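Everything below concerns the one structure shown next.
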Amino acid sequence: MTSPRTHAGTRALLATGAGLALTAALTLTGGGTAGADARAAGPTTVTPAGHHFTAKLTGKATFKAGPVTVTCTVSGSEPSADDANNKVPEAPGNHNDAGPVGSALTAPTYSSCTSSQAGVKAAITTSGAWTVSLQHGTPITATLGLPVGGFVVQTSGLASCTVTAAPTAAADIVATFTNGSPSTLTVANAAVPIKVVGGFGCPTNATSSVFNATYEVTDATDPSSAITVTG
């Protein structure tokens, strides 16, 4: 399917990660409204109303900080057991006359991650209240809301580093949403603020990272249907 301002649990729809001075292949999925609101906001409708959605990484997710790149080949976000996350708002909340439609997002998970540095292993953990919002337009804008410290890359081996995304304030990751079967959410060279802590081999001077990832967004309630954004 894994960004600075305060995030309310539920904002305009698919507000769902991914990416993040260590090149980490990751996919962030979370939301906010800043990226979408930066443009002239027209009407947005997300359908089917009330349906749950999943986001699954296709290809790889990469996160780069300084000279180091972390790449992950498995990532995704699933609806939560309490029915609160990864859900298109019920009507009429799935429509906004002048702006994006958003929802709470289950923090995406990342696994099968590798580092571009020889002898260095990488692992990613996520936490907190993520969000995702969708704004109809050309292209359709998806904004993933990343909570403070909600994405952490930890390396071990020849270099022991901790890279924290959105270290002091929530951040927005602006992506592109494309309607289809399945629909996709693409993060292309998105900059994310980070803080790097560690010793030799760690890019401690890096203050931002570049994230790339593509997620397939599917309808978990009715697999024969598709999550679609219109005006």
Side-chain angles (χ1 to χ4, degrees), residues 1-20 22 24-35 52-58 60-63 65 70-89 100 102-113 122-134 142-155 162-175 177 184-187 190 192-195 209 211-218 220 227:
M1 260 98 313
T2 254
S3 43
R5 83 180 19 73
T6 300
H7 297 79
T10 298
R11 279 193 278 185
L13 179 132
L14 288 186
T16 121
L20 308 156
L22 204 66
L26 92 159
T27 296
L28 298 179
T29 291
T33 56
H52 287 89
F53 58 86
T54 63
K56 181 179 180 180
L57 177 68
T58 176
K60 10 183 195 180
T62 59
F63 173 72
V70 172
T71 300
C72 300
T73 57
V74 178
S75 177
S77 175
E78 301 283 342
S80 58
D82 63 3
D83 194 47
N85 296 346
N86 294 39
K87 183 178 182 179
V88 178
S103 68
L105 184 72
T106 300
T109 58
Y110 294 89
S111 60
S112 298
C113 302
I124 294 174
T125 57
T126 58
S127 62
W130 291 56
T131 58
V132 61
S133 67
L134 298 177
T143 304
L144 299 176
L146 173 62
V148 178
F151 183 94
V152 178
V153 179
Q154 182 71 56
T155 65
T162 300
V163 182
T164 303
T168 60
D172 287 336
I173 299 174
V174 179
F177 187 89
T184 58
L185 186 154
T186 301
V187 181
V192 180
I194 60 172
K195 180 178 181 179
S209 64
F211 176 65
N212 285 278
T214 296
Y215 288 90
E216 292 184 343
V217 180
T218 58
I227 302 298

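All values reported here derive from a predicted model rather than from experimental measurement.
A 4.5 Å side-chain heavy-atom check between Thr54 and Pro79 finds at least one atom pair inside the cut-off. Proximity of Cys72 to Ile124: side-chain heavy atoms (C-beta onward) are separated by under 4.5 Å at one or more points. Using a 4.5 Å heavy-atom threshold, the side chains of Asn86 and Trp130 count as separate.
One distance of note links CD1 of Ile173 with OG1 of Thr143; it measures 10.0 Å at 0.5 Å rounding. Taking CG from Leu185 and CD1 from Ile227, the interatomic distance works out to 12.0 Å, rounded to the nearest 0.5 Å.
Proximity of a side-chain donor or acceptor of Thr109 to a complementary backbone N or O of Ser75 within less than 3.5 Å is not detected. Side-chain atoms of Thr214 do not come within 3.5 Å of backbone N or O of Thr58 as any donor-acceptor pair. Between the side chain of Ser80 and the backbone N or O of Asn85, at least one donor-acceptor pair lies under 3.5 Å.
Nearest heavy atom pair, residue Ala175 against residue Val187, reads CB-CG2, 3.8 Å. The two residues Ser77 and Leu105 have their closest heavy-atom pair at OG-CD1, 3.7 Å. Among all heavy-atom pairs drawn from Ala166 and Ala169, the shortest one is CB-O, 3.2 Å. Among all heavy-atom pairs drawn from Val148 and Pro167, the shortest one is CG1-O, 3.7 Å. The two atoms that bring Ala107 and Ser127 nearest to each other are CB-N, 4.2 Å, heavy atoms only.
Among residues two or more places apart in sequence or in another chain, the side chain to side chain contact (heavy atoms under 4.5 Å, CB included) test is passed with Thr162 by Val152, Gln154, Thr164. Partners of Ser112 according to the side chain to side chain contact (heavy atoms under 4.5 Å, CB included) rule, which considers only residues two or more places apart in sequence or in another chain, are Thr73, Val74. The side chain to side chain donor-acceptor pair (under 3.5 Å) search around Asp83 returns His52, Lys87, not counting sequence neighbours.
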